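Model, not experiment: these values are computed from the prediction. Scope of the values below: all heavy atoms of this structure, side chains included, with no hydrogens, waters or symmetry mates.
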Amino acid sequence: AYLKMVHTRIKCISWCGEKFHKLRITKRLMKVYVACFTSLFSSAYSITMLFPFLPFMTRFLRPDIDEASISKYAGIVAASLFAGRFVGSYIWGALADYIGRKPVMFVSGILLGVASIGFGFSINYEMAIALRFLVGITNGIIGTGKAVLSESSNDENQAFGMSLLACSWGLGLVIGPALSGISADPLGQYNISLANDSSVRAFLASYPYSPPCLINGLVCFMAAGVVLWLLPETLEKCVHVCVCVCVCVCECDCVCVNIV
């Protein structure tokens with residue numbers, strides 16, 4: 001029975017390897033996968049990174065509220081991101097159809113990183129709500145990333161490409177809260193002695209929840225860099241417009257400029 005089970009597993013591994021080999025993932029498609037994976041990871045990271053320290057941050061920004069009201073005020077901050085996404089998703093979707101997928105994913109990643117860093121430097125409760133709303137409204141990665149994966153895949157590798165979305169999303173949902181919980185409020189959490197460096201101690205005392213937000217911003221900037229470096233434009237309209245412009249210029253007996 002044991003040998004039969006081992007034989008079955010070997011056949012399963014061989015079958016999976018054969019199917020993976022038939023995916024025909026080209027170099028261009030691999031660039032798309034890597035760029036979308038990192039961008040979607042940064043998006044998921046930004047959404048859930050505040051959950052471990054949000055009640056403590058709410059208490060820090062609103063020391064006048066009682067214990068029973070912390071959950072209400074923390075919930076408003078958390079909900080403001082999704083209110084921003086409700087507004088921004090339509091705008092980013094329209095821009096992605098007009099100027100292309102790559103510019104939207106790059107600019108959205110940069111703005112998302114800036115807004116995420118700013119959230120860590122909130123000086124009052126209202127500012128935290130406004131900046132978290134900006135985190136939501138600047139996040140145009142999710143819908144655009146899905147469009148890129150759909151346009152780049154065919155019948156043979158579409159399921160594999162779309163599975164990257166769930167994989168990167170799940171990884172961001174796990175790593176985001178874990179790193180944020182470890183790095184939030186280092187003075188209070190680890191009782192670090194910084195007597196010889198009063199400036200650092202004063203900074204961490206004034207902005208105790210800035211370290212996880214700085215890490216979040218770094219993740220977003222790195223993802224935007226990967227998009228700028230690797231992601232090809234997948235919107236066919238952009239390519240068609242460039243070709244038409246070249247043809248028109250040639251027919252008018254003008255100097256031909258290769259725009260593509």
- line: Of all heavy-atom pairs linking T48 and P52, the shortest is O-CD, 4.0 Å

statement: What one should report as the nearest heavy-atom pair of S183 and P211 is O-CB, 3.5 Å

query: How many angstroms lie between atom CG of L230 and atom NZ of K27, to the nearest 0.5 angstrom?
result: 10.0 Å

message: In the structure I gave you, are the side-chain heavy atoms of P208 and F53 within less than 4.5 Å of one another anywhere?
response: no

message: Is any side-chain heavy atom of L231 closer than 4.5 Å to one of M105?
response: yes

query: So do the side chains of W169 and S43 get within less than 4.5 Å of each other, counting heavy atoms only?
result: yes

query: Which atoms form the tightest heavy-atom contact between C213 and I117, and what is the distance?
result: O-CG1, 3.6 Å

- prompt: Looking at residues at least two apart in the chain, or sitting in another chain, which of them share a salt bridge (Lys or Arg N to Asp or Glu O under 4.0 Å) with D64?
  reply: R62

message: Are the side chains of V114 and F221 in contact, using a 4.5 Å heavy-atom criterion?
response: yes

message: Tell me if a side-chain donor or acceptor on Q189 pairs with a main-chain N or O of A184 at a distance below 3.5 Å.
response: yes

W92 side chain reached by I137 side chain, heavy atoms, under 4.5 Å: no

message: With salt bridge (Lys or Arg N to Asp or Glu O under 4.0 Å) as the rule and sequence neighbours excluded, what pairs involving residues 123-146 come up?
response: none

- prompt: Within the side chain of S108, is there an N or O that forms a donor-acceptor pair under 3.5 Å with the backbone of T138?
  reply: yes

field: Residue list, side-chain hydrogen bond (donor to acceptor under 3.5 Å, both in side chains) with N216, at least two apart or on another chain
entry: S46, S116

- request: With rounding to the nearest 0.5 Å, note down the distance linking OH in Y125 to OG1 in T58.
  value: 6.5 Å

field: Exceeds 12 heavy-atom contacts within 6.0 angstrom, atom CZ of F56
entry: no

- line: In this structure, CD1 of I110 is separated from CG of L228 (nearest 0.5 Å) by 8.5 Å

message: Checking the side chain of T144 only, and the main-chain atoms of I141 only, is there a donor and an acceptor separated by less than 3.5 Å?
response: no

query: Do the non-hydrogen side-chain atoms of L131 and F121 ever get within less than 4.5 Å of each other?
result: no

May I have the list of side-chain donor-acceptor pairs in residues 34-41 shorter than 3.5 Å, sequence neighbours left out?
unit_1, atom_1, unit_2, atom_2, d
T38, OG1, V34, O, 3.1
T38, OG1, A35, O, 2.9
S39, OG, A35, O, 3.0

- prompt: Between atom CG of L204 and atom OG of S210, what is the distance when rounded to the nearest 0.5 Å?
  reply: 6.0 Å

message: Tell me the closest heavy-atom pair linking L149 and L165, and the distance in Å.
response: CD1-CB, 4.2 Å

statement: Between the OH atom in Y45 and the CG atom in L218, the distance rounded to the nearest 0.5 Å is 9.0 Å

statement: On a heavy-atom basis, the closest approach of C220 and G109 is CB-O, 3.6 Å

- prompt: Cluster question for you: counting only ILVMFWY and a side-chain heavy-atom cut-off of under 4.5 Å, with indirect links fine, are L95 and L134 together?
  reply: yes

Partner set under side-chain contact (heavy atoms from CB on, under 4.5 Å) for T234, not counting sequence neighbours: R28, R101, V148, E151, S152

message: I'd like to know if I91 and I142 are part of one continuous hydrophobic network [Ile/Leu/Val/Met/Phe/Trp/Tyr, side-chain heavy atoms within less than 4.5 Å].
response: yes

F203 side chain reached by L187 side chain, heavy atoms, under 4.5 Å: no

query: Going only through I, L, V, M, F, W and Y residues with side-chain contacts under 4.5 Å, is there a path from V32 to M162?
result: yes

N/O donor-acceptor pairs under 3.5 Å from side chains in residues 67-90, not counting sequence neighbours:
unit_1, atom_1, unit_2, atom_2, d
S69, OG, D66, OD1, 2.8
S80, OG, V77, O, 2.5
S89, OG, R85, O, 2.6

task: Enter the distance from M49:CE to F119:CZ here, rounded to the nearest 0.5 Å.
output: 7.0 Å

query: Do Y98 and P103 come close enough that some side-chain heavy atom pair is under 4.5 Å?
result: no

